[in-house]
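Below is one structure, written out as structure tokens, with a few remarks after it.
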Amino acid sequence: MPPCLDVYVWVPERNPEVLGRFIDSYVNADDPGDERLHSFVRVHVLGTANDADEKALDDGADTFTLYLRARDHYQAIITFTRDGATVLGLSVDAPDDLPETLRQADQLAEQLRRQFSAPAGRAGVELPPAGDSSEWYEEALVLFRTGELPTSSSDAPPSDP
């Protein structure tokens, strides 16, 4: 199996409507690959959670990520960051023609940015989702970026001394 190119967009908040549209558009809800998806939808999209749903999603970590089977891509990824944002991602197969795959990934990033009003996107081979805005700016494994995160003192990229 070829490596995957992971394409992510940064959504500055946790918005139930955005989450629902991402799941409806990209996730194979009939066979999500992670049984927690249904609890996630009840908690974060529908607001109809029960104690079992909350317990199913509580893993004690300061970030939360679901890796799900996608409809038309290899994988769909939803991450809640430490700083209250949401990172949405899709993984695509990265065959030997990396320039063509990067061109398609750039188009996908722009599509996701428009669809979810995301200010920024990035992609890389086997790139994990960012856990916060400082991780978003880390360069290791990132092949391209598009757009900018909203600026605040905690969101700014590290400056050179």
Side-chain angles (χ1 to χ4, degrees), residues 1-98 100-118 120-133 135-136 138 140-144 146:
M1 182 169 107
C4 286
L5 186 70
D6 298 306
V7 178
Y8 296 105
V9 294
W10 180 275
V11 179
E13 70 279 334
R14 295 180 186 168
N15 180 311
E17 180 184 327
V18 167
L19 293 169
R21 283 189 293 126
F22 180 79
I23 291 166
D24 289 345
S25 297
Y26 298 104
V27 174
N28 179 347
D30 294 331
D31 184 18
D34 187 330
E35 68 280 351
R36 298 177 303 162
L37 174 65
H38 302 294
S39 292
F40 181 88
V41 168
R42 288 189 293 271
V43 170
H44 297 290
V45 178
L46 301 175
T48 61
N50 58 38
D51 290 340
D53 291 328
E54 296 282 351
K55 186 176 179 180
L57 300 177
D58 183 14
D59 62 5
D62 59 352
T63 63
F64 178 82
T65 300
L66 284 176
Y67 293 93
L68 304 162
R69 289 191 182 107
R71 290 183 180 173
D72 299 319
H73 299 87
Y74 177 73
Q75 192 171 47
I77 304 158
I78 301 170
T79 297
F80 287 161
T81 69
R82 289 176 202 87
D83 40 12
T86 303
V87 175
L88 302 174
L90 294 171
S91 297
V92 296
D93 287 332
D96 295 335
D97 188 1
L98 186 59
E100 175 60 20
T101 303
L102 284 173
R103 186 189 66 72
Q104 292 173 359
D106 184 50
Q107 290 175 343
L108 180 58
E110 290 306 318
Q111 172 187 320
L112 292 170
R113 285 184 62 203
R114 283 189 306 275
Q115 188 174 4
F116 301 109
S117 300
R122 69 181 198 160
V125 176
E126 305 294 333
L127 180 67
D132 58 34
S133 58
E135 287 181 11
W136 183 266
E138 289 178 3
L141 306 177
V142 175
L143 296 177
F144 76 81
T146 180

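Keep in mind it's a predicted model, so treat the numbers as computed, not measured.
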Check: [Y] and [X] side chains under 4.5 Å, non-hydrogen atoms:
X	Y	value
Val43	Leu57	yes
Asp93	Cys4	yes
Asp53	Arg36	no
Ser25	Gln115	yes
Trp10	Ser133	yes
Glu126	Pro3	yes

**Report entry** Derivation of the side chain to side chain donor-acceptor pair (under 3.5 Å) call for Gln111 and Gln107
**Finding:** CA-CA 6 Å; Gln111 172 187 320; Gln107 290 175 343; over 6 Å; no

From the list Leu127, Leu88, Leu112, side-chain contact (heavy atoms from CB on, under 4.5 Å) with Tyr8 holds only for Leu127

To check you understand the geometry: which heavy-atom pair defines the closest contact between [X] and [Y], and what is its length?
X	Y	value
Leu141	Pro128	CD1-CD, 4.1 Å
Glu54	Ala49	OE2-CB, 4.0 Å
Val11	Ala118	CG2-CB, 4.3 Å
Val87	Ala130	CG2-O, 3.9 Å
His38	Pro32	NE2-CG, 4.2 Å

Could you walk me through whether Ile77 and Leu66 pass side chain to side chain contact (heavy atoms under 4.5 Å, CB included), step by step? CA-CA 6 Å; Ile77 304 158; Leu66 284 176; over 6 Å; no

| message | Show, in sequence, the C-alpha distance, side-chain angles and deciding distance for Leu37 and Ile23, and conclude whether the side chain to side chain contact (heavy atoms under 4.5 Å, CB included) test is met. | response | CA-CA 9 Å; Leu37 174 65; Ile23 291 166; 4.0 Å; yes

Please tell me whether [X] and [Y] have a donor and an acceptor in their side chains that are separated by less than 3.5 angstrom.
X	Y	answer
Thr86	Glu13	no
Thr146	Arg122	no
Gln75	Tyr26	no

Inter-residue atom distance [X].[atom1] - [Y].[atom2], 0.5 Å rounding:
X	Y	atom1	atom2	result
Leu108	Leu102	CG	CG	12.0 Å
Tyr74	Asp6	OH	CG	10.0 Å
Thr63	Asp83	OG1	CG	10.5 Å

Quiz item: Do the side chain of Arg82 and the main chain of Asp62 share a donor and acceptor less than 3.5 angstrom apart?
Solution: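 It does not hold such a pair.
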
* Okay, side chain of Asp58, backbone of Lys55: is any donor-acceptor separation there less than 3.5 Å? -> no

- Task: Over 60° means perpendicular and under 30° means parallel, so classify the ring planes of Phe40 and Phe80, tilted if in between.
- Result: tilted

From the list Asp34, Thr81, Thr79, Asp59, side-chain hydrogen bond (donor to acceptor under 3.5 Å, both in side chains) with Thr65 holds only for Thr79

Practice item. Could you give me the CA-CA distance, side-chain angles and deciding distance for Asp106 and Val7, then say whether side chain to side chain contact (heavy atoms under 4.5 Å, CB included) is met? Key: CA-CA 8 Å; Asp106 184 50; Val7 178; over 6 Å; no

- prompt: Taking everything shown except Asp31 itself, do over 12 heavy atoms lie less than 6.0 Å from its CG?
  reply: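 Atom CG in Asp31 is packed in, count exceeds 12.
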
